[in-house]
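Taking it in order: structure first as C-alpha cells, then the write-up.
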Amino acid sequence: MSNYSIALVPGDGIGPEVISLAVDVLDAVGDRYGHIFNYVELIAGGKAIDAAGEPLPAETLEAAKQCDAVLLGAVGGPQWDTLPGHLRPERALLGLRSGLGVYANLRPAALLPQLRAACPLKDEVLIAGNSAGKPEFDLLIVRELTGGLYFGERGRSADGNSAFDTETYSRAEIDRVLRVGYSAAKLRRKKLCVVDKANVLESSRLWREVSKEIAQEYPDIETSYLYVDNCAMQLIRAPGQFDVIVTSNLFGDILSDEASVLTGSIGMLASASLAGSGGAATAQGATAPVMGIYEPIHGSAPDIAGKDIANPLAAILSAAMLLRYSFGLEKEAAAVDAAVNAALDSGLRTGDIAGRSGAGNTEKIVGTMEMGKAVLKALEVI
Ligand code: IPM
Ligand code: MG
C-alpha cells in the first residue's frame, strides 16, 4: 500500500467541476490498485484574490511544496480582468510554476480515431506527414516553463508611452528542458524538433547552439530545427511529421493552443509541468515522486461554468499524467487512458467534441457528470 499526497487547486470557472471528477477517477484507481491518495485542497487564482487579496497566498505555495504533486483546474474570470498585472489570477500559475521549479511543460496532442470528425483538417493533410500513411498525428510539445519572456525583466518608460518585456535564456535552462524532450523522444518515435526564431533573436541562436551540442549525445534521436513561424504553418499543413517539439515558453504557449484545435477540442488536452524528466525517468526505474503540476490546458471557461457542459476529459487525462510522471504508476495511468478511450468508443461526447457531420452519427451528447461517470464505469472493467 503506497501513500501519496496531492495538492488540489480546483481554481475558478469550470475548474472545480472537472477536478472533482478527476479526483473520483484517482480514488477509483487508488481502490483498485491499492494506493492511498491524500488530498490537500488549496486556493489560488480568482478564489484566492477574493478570499485573501492575492492570487497566490504564501500558504498555498508552501503547502503545495509539501505535497508530491499538484492537480490544478484553471484560474481566471472576467471579474478579475481589470486588476493590475501583478494581482491577476494568472499570476498564481506563474508563481506556482516558478515556486515549484517545474521547468518542463509536456503538452501531448494526439488525434484519437474516435474524434476524427471533430478535427478540422482534411484527410490528405493528416496523411501528408504521417509515415504510416494514416489520417493521424501524435505529437508532444515540451514547452520551457519557468524562463523566457514570461519571467524576464519588464517595465514601462516614465511617461508610460513605451513598454518592454525581455527574453533571456541561460545555457543551463535550455540544456535541462532539451534533455526532458530527449527523454520523452526516446520512449516515443525518436524524433525531436527544436523550434525557435534563430533567424532574428539572439536568445534563439543560443537555443540552437546548445541544442546542436546536446543532439550529439542522442545519436539515436533524429534532431531537426524549425523557425516558429514555419512550425505554426507545418502544424496545420502536415501535423503527422512531428513527434516531440521542444521550444521556449512563449512559442510553446502559442503552438500548444494551435495543436489543441487539431485534436478536435482544447477540452481534450492534458498537461504536465515537471521539475525533471518524470515518467521518462520513472519508466527507467527511478522511484521517488517527481514534483509536477498537472492541469487541463483549456482554462476556466467562465461562460460555461456550473452548467454541466464542460468536457472533464482533459482533467481526467491530467490525473493520468500525474500517475505516470510524478508517481511512475504506468499501469494505473494506462488504465485511466483506456477508460477515457472506452467512454469515447461508446459514442459519448460532450458538446465540444461532437462530430461536425450529421450523417451516420451515433454519438450521444452528454454533460460533464455523465461523461465522468462513463469513465469511472469503464475503469471498473479494465
Ligand atoms: C497556458 C495559459 C497560461 C500561459 C496563462 C493563463 C498565464 O495560456 O497555460 O497556456 O500563458 O502560460
Ligand atoms: Mg496558453
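When a ligand or atom number is given, it counts from 1 through the structure's own listing order. Bear in mind the structure is a predicted one, so any value in this text is a computation, not a measurement.
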Which of the ligand 1 atoms, numbered from 1, are nearer than 4.0 Å to a heavy atom of [X]:
X: Arg143; value: 1 (C), 4 (C), 9 (O), 10 (O), 11 (O), 12 (O)
X: Leu93; value: 6 (C)
X: Arg97; value: 1 (C), 4 (C), 9 (O), 12 (O)
X: Glu90; value: 6 (C), 7 (C)

**Request:** Give a yes/no on ligand 1: does Glu295 have at least one heavy atom closer than 4.0 angstrom to it?
**Result:** no
For ligand 1, note which part of [X] has a heavy atom under 4.0 Å away: side chain, backbone, both or neither.
X: Arg91; answer: neither
X: Arg88; answer: neither
X: His298; answer: neither
X: Ile297; answer: neither

Whether the side chain of [X] engages the backbone of [Y] through a donor-acceptor N/O pair (distance < 3.5 Å, no angle test) should be reported.
X: Thr350; Y: Gly367; value: no
X: Glu144; Y: Ile174; value: no
X: Arg107; Y: Asp253; value: no
X: Arg97; Y: Asn105; value: no

**Request:** Pick whichever of Asp257, Asp253, Leu269 has a heavy atom sitting closest to atom 2 (C) of ligand 1.
**Result:** Asp253
**Message:** Looking only at protein heavy atoms, which one is nearest to atom 1 (C) of ligand 1, and what is the separation?
**Reply:** Arg107 NH2, 3.3 Å
**Asked** What's the shortest distance from atom 4 (C) of ligand 1 to any protein heavy atom, and which residue and atom give it?
**Response** Tyr150 OH, 3.5 Å
**Request:** For atom CZ of Arg205, decide whether the heavy atoms of other residues, nucleotides or ligands shown that lie under 6.0 angstrom number more than 12.
**Result:** yes
**Asked** Any ion pair linking Glu217 and Arg179 (charged N to carboxylate O, less than 4.0 Å)?
**Response** yes
**Message:** Check Glu209 with Arg171, please: is the shortest side-chain N to carboxylate O separation under 4.0 Å?
**Reply:** yes
**Message:** Under the ring-ring contact (aromatic ring centres under 6.0 Å, His included) test against Tyr169, which residue among Phe151, Tyr150, Trp207 passes?
**Reply:** Trp207
**Message:** Do Leu329 and Val375 land in one hydrophobic cluster if side-chain heavy atoms of ILVMFWY residues count as linked below 4.5 Å?
**Reply:** yes
**Request:** Flag Asp253 as yes if one of its N/O/S atoms falls below 2.8 Å of the Mg ion (ligand 2), otherwise no.
**Result:** yes
